[in-house]
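Right, one structure below, let's go through it.
Reminder, nothing fancy here: chain letters follow the sequence lines and each chain counts from 1.
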Amino acid sequence: MQMGVGCVALVRISATPRKGILLLDSMHPSFLLWLGFYNSMDNNLLSPNSISKSLSTTPARSGRYVKGFDKLNDAVFLFNRMIHMKPLPLLFEFNKLLGDIVKMKHYSTAISLINKLWLLRISVDAYMMNIAINCFSHLRRIDLGFAMFGCIVKCGHEPLVSTYNTLLKGLVLEDRIFEAEVLFKKLIRERICEPNEVTYGTLMNGLCKAGNTNMAIRLLAYMEEKGCKPSKEGYSTIIDGLCKDRMVDDALTLLAEMIGKRVFPNVVTYNSLIYGLCNLGRWEDAKQMLREMDIRKINPDMHTYNILMDAFCKEGMIEDAESVFCIMIEKGEQPDVVSYSALIDGYCLRGQMKEATAVFNTMIDKNIEPNIITLNSLINGHCKRSNIDEAMKLFKEIARKKLEPTVSTYSTILYGLFKVGRSKDALELFEHMQSIGLTPNFITYSVLLDGLCKNHQVDKALSLFRIIIKNGIHPNVAMYTVLIDGSCKNGKLDTAMDLFCELYSRGLHPNIVTYNAMINGFCNKGLIEEAKEVVIKMEKNGVFPNSVTYNIILQGILRWKKPKDVLSHLKEMDARGFSIDASSFYLLLHMIPAKEQDSNFADLIQKLVPNDVLKSKFQPAK
DNA sequence: ATAGGGTTAG
């Protein structure tokens with residue numbers, strides 16, 4: 001745990017006699033310089049004349065405050081006037097103004113203004129300290145927050161619980177949950193302060209974010225034991241964690257429990273539940289939540305509408321999402337970048353790039369700045385349609401818009417490049433993403449393995465697979481399936497069989513796709529009997545062959561010219577209700593000599609070939 | 001009086 005940094009020790013700070021008020025020694029021009037803030041910010045967010053700069057920039061994560069430009073301008077202007085008023089306005093006036101600026105998410109501006117007070121040797125109180133620490137947290141610089149904390153301690157002031165809460169929140173925002181836990185335990189063990197419901201709530205949120213909802217639930221029980229009554233925020237945190245873990249019924253139970261204890265849910269609580277229910281496709285239950293909100297006179301907000309729009313779009317129900325879009329406007333909520341992004345993603349998932357682009361243009365017309373997620377969706381849509389040029393155009397647009405590409409951006413582009421066979425470019429991009437400090441994740445690796453296999457670079461995929469495992473990634477069935485399929489299609493049946501065994505030893509279970517890949521491997525080698533044995537084995541394991549399975553075997557029989565097996569296989573397909581796909585039909589036409597096509601065959605084929613295959617000009621699928 | 005906890009999009 002870094003409690004303050006070295007440079008703080010060099011700072012001489014003197015306190016005014018009044019408790020809770022800090023005054024810095026005038027020898028130092030700026031606390032930001034002491035804290036190394038100017039030097040350590042790479043993106044120039046805070047250069048010495050940052051106030052004017054931050055006036056001309058909008059916060060990176062939201063386009064919502066573009067309209068707040070004048071408000072920010074006013075706030076900064078007022079602040080600067082207040083500084084020179086005599087007598088000086090009360091600190092709480094400054095704090096209120098700073099609070100407004102923080103609400104507008106102009107964190108570096110707020111820090112600069114506090115710094116200005118500091119420079120003028122105007123005393124700063126604990127509230128203002130909390131504001132500053134909070135701003136550092138949002139800028140992902142909790143190290144500087146701790147440095148500031150060091151200042152407070154240094155001049156002999158007792159930090160408040162809220163100060164610790166703010167520090168905890170900063171750690172949570174940087175995913176440093178372990179350190180947050182350490183700090184929390186230290187507070188209790190050394191009796192530094194009595195945690196309040198905010199302290200517990202912050203830590204519970206951190207635990208949920210780290211995937212440890214169970215521990216968060218235990219903490220909820222613990223705080224009650226200690227006589228600290230959980231607030232609606234505390235309950236909502238756990239409910240949200242449970243919903244994200246898809247344990248929505250447990251979340252609903254907790255909702256009943258909190259109401260039983262007369263802690264009443266608000267719109268945030270319901271938003272989490274609606275998200276969780278929609279995510280499981282429990283539309284009726286989600287509707288019930290909306291009805292309950294209505295009864296409790298809780299109005300849906302922006303998040304509610306966005307959650308619903310997103311859920312509909314993911315289900316391909318864009319028309320319903322558009323209805324929600326209209327309703328929210330009717331109810332006086334302006335759709336924001338999330339609303340538009342949800343719609344864009346919905347169209348992209350359906351491959352309707354014209355429509356997606358139209359929505360994109362609309363949002364730009366409405367002065368709503370697209371963010372990286374919006375662009376990622378569009379890039380994904382173009383990649384899915386194999387339109388890598390359009391995808392690349394947007395990829396370049398990211399830098400032009402001064403946005404930061406994410407790991408997902410790269411994963412998506414990698415997918416697109418592999419899809420059109422540009423594996424060399426993909427591998428270069430993979431190197432590039434790492435060189436700019438982005439760590440590939442599970443999805444990146446999955447895309448890479450799939451791309452390499454589909455582009456006949458199975459050996460590369462296999463050696464990468466070993467590296468991935470060494471790096472601590474736990475492969476799933478899909479990864480194994482990709483490699484098994486790739487191995488089989490490249491004639492490496494032995495490798496495929498080894499992978500198949502390995503998958504079992506990891507406690508994973510092959511699915512229908514895995515089995516089909518293996519069956520295909522045997523068929524490609526002419527080992528039709530072995531392929532059929534796999535079918536028996538998979539049925540024993542509770543995975544049942546599908547139409548693809550039977551067509552793979554049929555094609556194996558046809559390729560390896562075993563006409564005697566054809567009829568019996570077709571009869572089995574008929575018995576099981578499977579039909580002949582286009583590839584099989586193509587092979588049937590070309591490989592069965594005319595004299596073999598007796599009436600028996602003709603009838604069966606007639607029966608097993610669906611009309612759409614007959615009409616498809618008999619082109620093979622591949 | 002002013003600060004600090006929970007919700008949405010790839």
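Of the listed nucleotides (B:dT7, B:dT8, B:dG6), B:dT7 has the atom at the smallest distance from the side chain of A:Asn271. Closest to the side chain of A:Asp310, from the set B:dG6, B:dT7, B:dA9, is B:dA9. Checking B:dT2, B:dG4, B:dA3 against every side-chain atom of A:Lys96, the shortest atom distance belongs to B:dT2. Side-chain proximity of A:Lys244 to the nucleotides B:dT8, B:dG6, B:dA9 is greatest for B:dT8.
Within 4.0 Å (heavy atoms only), A:Thr237 reaches sugar-phosphate atoms of the nucleic acid but no base atom.
With sequence neighbours excluded, the residues satisfying salt bridge (Lys or Arg N to Asp or Glu O under 4.0 Å) with A:Glu319 are A:Arg350. Partners of A:Arg400 according to the salt bridge (Lys or Arg N to Asp or Glu O under 4.0 Å) rule, which considers only residues two or more places apart in sequence or in another chain, are A:Glu397. A:Lys96 is linked by a salt bridge (Lys or Arg N to Asp or Glu O under 4.0 Å) to nothing, counting only residues two or more places apart in sequence or in another chain. Residues that satisfy the side-chain hydrogen bond (donor to acceptor under 3.5 Å, both in side chains) test with A:Ser411, not counting sequence neighbours, are A:Thr444.
A:Phe94 and A:Phe79 have their aromatic ring centers within a separation under 6.0 angstrom.
Residue pairs meeting the ring-ring contact (aromatic ring centres under 6.0 Å, His included) criterion with at least one partner in residues 192-248 of chain A, sequence neighbours excluded, are A:Phe184-A:Tyr200.
Proximity of residues 202-230 of chain A to DNA chain B (heavy atom under 4.0 angstrom from any strand atom) is restricted to A:Thr202, A:Asn205, A:Lys209.
Remark: A:Tyr127 is not in phosphate contact with B:dA1, judged by side-chain N or O atoms under 4.0 Å from OP1 or OP2.
For B:dG6, the base has a donor-acceptor partner in the side chain of A:Asn266 [N/O atoms by modelled type, under 3.5 angstrom].
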